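Contents: one structure, followed by commentary.
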Amino acid sequence: MANYNPQRIEKKWQDKWEKLGIFQARDKLKKAKFYVLVEFPYPSGEGLHVGHCRSYIAMDVLARKRRMEGFNVLFPIGWDAFGLPTENYAIKTGVAPSLATQKNTDNFRRQAKRLGLSFDWKREINTTDPNYYKWTQWIFLQLFKEGLAYKKKLPVNWCPSCKIVLANEEVINGACERCGAKVTKIEKEQWLLRITKYADRLSDDLAKVDYPGKIKILQKDWIGRSEGAEIEFPIKGSQEKIKVFTTRPDTLFGATYLVLAPEHELISKLSFTNINEIKTYIEKAKNKKEIERIALKKDKTGVELKGVKAINPATKGEIPVWVADYVLSHYGEGSIMSVPAHDERDFQFAKKYGLIIESVVIPSHKGVPREFIDYKKKETVEYWRNRIKLNGPVLIGGIVFNSGKFTGMPSEKAKWEITKFVGGKRKTQYRFRDWIFSRQRYWGEPIPLIFCEKCSWVPVLEKDLPVRLPEIKDYKPTEKGESPLAKVKNWVNVKCPSCRGQAKRETDVMPNWAGSNWYYLRYCDPKNNRKLADPKKIKYWLPVDWYNGGMEHVTLHLLYSRFIFKFLWDIGAIPKNLGSEPYKKRTAHGVILGGDGVKMSKSRGNIINPDKIVEQHSTDAMRLYTMFMGPFGEMIPWDMKGLIGARRFLEKVWRLGNQASNAKGNSLRLKKILHKAIKKVSEDIEVLKFNTAISTLMEFSNTWQQTPLDLSKEDLKDFLKILSPFAPHLTEELWEKSGFTGFCCQQKWPKADLKLIREEKINLIIQINGKVRDKIEINPGISQKEAENAVLKRERVKKWLAGKKIKKIIFVPEKLINIVV
RNA sequence: GCCGGGGUGGCGGAACUGCAAGACGCAAUGGACUCAAAAUCCAUCGAGCGCAAGCUCAUGAGGGUUGGACUCCCUCCCCCGGCACCA
């Protein structure tokens with residue numbers, strides 16, 4: 001028997017698979033399909049990360065199983081290659097991003113192939129390929145034409161070190177996500193996408209898809225829908241009104257002042273006496289960095305607009321108006337009505353500045369004694385007033401009091417009655433904002449718009465797409481923070497497509513997300529020059545049946561790409577009869593930590609290189625260990641020693657498999673255990689419990705080892721088949737060596753024989769008073785009577801029952817019998 | 001602060017809708033094979049008591065429900081992830 005030589009075997013089979021193209025998905029539009037998707041990687045200079053491997057190997061296991069189950073499987077891969085690291089590298093070294101990308105993708109491709117991943121390489125895509133980004137630009141133009149892309153001057157996050165505008169999600173605790181520098185605010189014209197228009201659908205349609213509850217909650221929280229009312233407060237002696245959004249209109253009678261955000265536009269229109277004080281405050285607020293604002297959460301500051309009085313539309317009373325930076329300009333109307341008795345923040349603020357605290361709601365939930373809910377009793381009302389002033393606000397609804405004709409009404413009802421009474425209207429507000437879609441950078445898709453003095457923004461004609469990214473030498477953004485493209489005069493200056501006059505191209509490029517918004521559609525038809533993909537093929541392959549990726553992408557990427565899909569669906573670019581969700585099922589893998597239990601990073605030097613693992617052990621060992629190390633969804637530290645177990649198992653299978661070709665026996669016992677394993681492995685893969693699937697395979701091999709010659713050829717075949725998704729090379733070699741025909745990975749997935757499994761004898765646990773005292777081997781399906789008779793005869797049982805009276809016998813068929821005395 | 005998810009041997013982790021806690025793997029210890037080592041194979045491997053059969057305790061802490069709880073309920077502690085002045 002030749003030694004197990006993974007290096008030779010693995011290369012041999014990878015070459016064979018590739019040569020015969022057996023993993024290519026065919027557009028056989030009648031056959032049952034299955035679309036397995038993994039997040040395509042950003043091809044960094046560091047090469048493939050074990051985190052990528054975890055996801056790719058897991059979905060490869062699934063894809064291989066699905067093929068064996070007879071599905072036409074699409075399992076594609078590509079490169080999300082636009083992005084900052086490559087551009088920063090270019091600034092540092094002068095190497096063109098396109099060249100660096102080429103080098104990096106070559107490396108990633110080589111690594112992926114070496115892992116035996118069954119990707120369809122014929123459909124490989126690259127977001128930086130003009131034939132690809134032509135369609136990214138095309139999608140942008142459709143958004144523009146539908147009024148969903150617009151330009152707006154915005155205070156944006158500015159990283160003084162990277163010289164780039166950052167999206168909110170790129171700012172972590174007030175610092176730049178990439179370089180760690182403190183982020184400041186500047187005003188800049190930006191392209192935005194009106195994703196908020198889709199807020200309700202993005203939230204509601206989550207009911208239609210199979211995502212883990214956790215991911216749905218994250219998305220919903222991100223969208224942050226809340227129901228409330230918009231109410232206007234007139235200003236005394238002025239035509240102006242202050243609009244506020246509130247989720248608690250039931251507390252309107254308790255609104256004792258208003259607060260405007262420092263950026264509120266009304267401030268400049270009102271006349272007040274302390275102009276200088278206000279100016280200083282606003283200036284200071286603007287320069288406050290995110291970090292400080294968060295740190296100052298507990299210590300709120302503000303200034304009163306002296307001389308300005310608003311009218312509470314419910315009480316008709318005059319109330320003061322303040323400016324404070326705890327009110328956010330971008331949420332609701334940028335102004336609030338303050339009800340200190342029923343809001344934590346308002347309470348803090350009112351206490352600090354000595355503002356009036358007026359109680360208007362008595363809580364009526366459980367835990368509050370009945371006499372304390374009786375709003376008619378003077379003492380009760382007094383009790384709540386005092387209590388709130390001393391101990392803080394009551395935040396929950398209940399019964400409204402001190403509120404004119406609404407007194408005595410439950411909060412939920414009073415909300416809408418009071419809103420109606422003051423002429424307010426119901427409103428839904430969202431926490432998330434429109435999506436900033438421009439970057440003042442080089443290495444991204446140029447935004448295909450042209451600015452003409454006469455015609456304003458004009459889309460590039462479709463026939464002129466793609467707008468190619470010009471080759472340049474100097475990749476630095478300008479000092480003003482413009483894209484380096486602004487320096488390429490002969491690219492910027494063009495004729496207006498509409499009036500043929502002098503015009504200029506937009507020099508901003510799109511953010512990273514642009515290319516990944518729709519990539520899964522391109523895989524259906526990656527070479528199409530006339531459409532982003534043939535609708536017939538989209539109709540066949542979509543929705544993606546199973547999409548796996550990192551937890552870090554479940555809010556942004558997932559939300560953005562769902563939005564773009566819905567948009568494309570709305571404009572008919574996607575067949576209507578498809579449904580408006582792109583991903584049927586989404587799962588997420590956990591992070592792999594370094595051996596020291598800390599996140600892998602270059603600076604810590606704890607990065608595991610998959611190439612080394614493959615060289616030192618084997619691809620199959622790498623695959624097996626990656627799947628075996630722990631629960632797929634959880635964070636797990638990488639353990640080099642754990643790999644040894646995987647390698648030993650493979651060696652054992654190699655030895656046993658080689659012996660099995662001269663098998664003489666045909667053990668029924670082995671067959672039964674094998675069929676149990678078939679059942680378990682089949683089920684476990686479906687719920688991503690790879691670790692227990694593999695332990696089942698190991699258990700089988702441990703039993704097999706005791707009588708290596710007792711496994712029949714047919715059973716050997718089945719064993720190799722269920723092992724093959726995990727260790728495809730080894731199983732292929734053993735398949736061939738055993739004289740079986742065809743490829744192991746193209747066999748039919750075996751079915752567990754349930755009858756065989758049921759025939760196994762079962763241990764019946766014998767308990768006395770709930771404690772295990774004995775066990776007995778029984779046939780399945782035995783009745784309680786039979787069990788009792790058998791059990792009561794046993795010596796050990798008699799000993800425990802001696803001198804005691806049996807009260808009750810509990811029988812759980814095929815599991816246990818419990819005698820209570 | 002709010003929303004999720006967790007705390008099980010020396011370690012990674014098993015345990016179905018409550019029914020033998022610790023599968024599988026790693027490490028460790030003893031043994032076989034060997035001149036020797038590696039590899040492999042066999043055995044032991046939560047704690048305590050016992051010569052043994054066996055008994056008792058044990059799934060973050062405390063309480064509860066149940067014939068029976070890692071699993072369900074209540075209170076508390078700790079860890080991880082997300083959001084964070086969203087009115």
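Letters go in sequence order (proteins before strands), and every chain restarts at 1. It should be emphasised that the depicted structure is a prediction, and the values quoted were computed from it without experimental measurement.
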With sugar-phosphate meaning primed atoms plus P, OP1 and OP2, does [X] contact a base, only sugar-phosphate, or nothing at under 4.0 Å between heavy atoms?
X	value
A:Asn818	base
A:Ser226	sugar-phosphate
A:Ile810	base
A:Asn702	sugar-phosphate
A:Leu816	base
A:Met337	nothing
A:Ile694	nothing
A:Lys216	nothing
A:Lys652	sugar-phosphate
A:Arg647	nothing
A:Gln767	base
A:Trp800	sugar-phosphate
A:Lys214	sugar-phosphate
A:Val772	sugar-phosphate

I need the [atom1]-[atom2] distance between [X] and [N], as an integer number of Å.
X	N	atom1	atom2	value
A:Ile644	B:A38	CD1	P	14 Å
A:Lys771	B:G68	NZ	C1'	10 Å
A:Met627	B:G25	CE	P	19 Å
A:Lys815	B:C19	NZ	C1'	7 Å
A:Lys243	B:A87	NZ	P	18 Å

Dot-bracket pairing map - RNA chain B, Watson-Crick plus G-U, both contacts under 3.5 Å, | cross-strand: (((((((..(((......[....))).(((((.......))))).((((....))))..(((((..]....))))))))))))....
Expected output: side-chain A:Ser701 to main-chain A:Met698 donor-acceptor under 3.5 Å: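 Looks like yes, one N/O pair under 3.5 Å.
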Where A:Pro637 and A:Gly597 come nearest, the two heavy atoms and their spacing: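 Nearest pair, atom of A:Pro637 first, then A:Gly597: CB-CA, 4.1 Å.
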Within 45° cone and under 6.0 Å: A:Lys300 NZ/CZ vs A:Phe349 ring: no
Any salt bridge between [X] and [Y], counting N to O under 4.0 Å?
X	Y	result
A:Asp639	A:Lys641	no
A:Glu699	A:Lys676	no
A:Lys799	A:Glu795	no

Distance, P atom - from B:G25 to B:U40, rounded to whole angstrom: 13 Å
Parallel, tilted or perpendicular: ring planes of A:Phe245 versus A:Tyr331, cut at 30 and 60 degrees: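 The arrangement is perpendicular - the two ring planes meet at more than 60°.
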Centroid-centroid distance, A:Phe700 to A:Phe719, less than 6.0 Å: yes
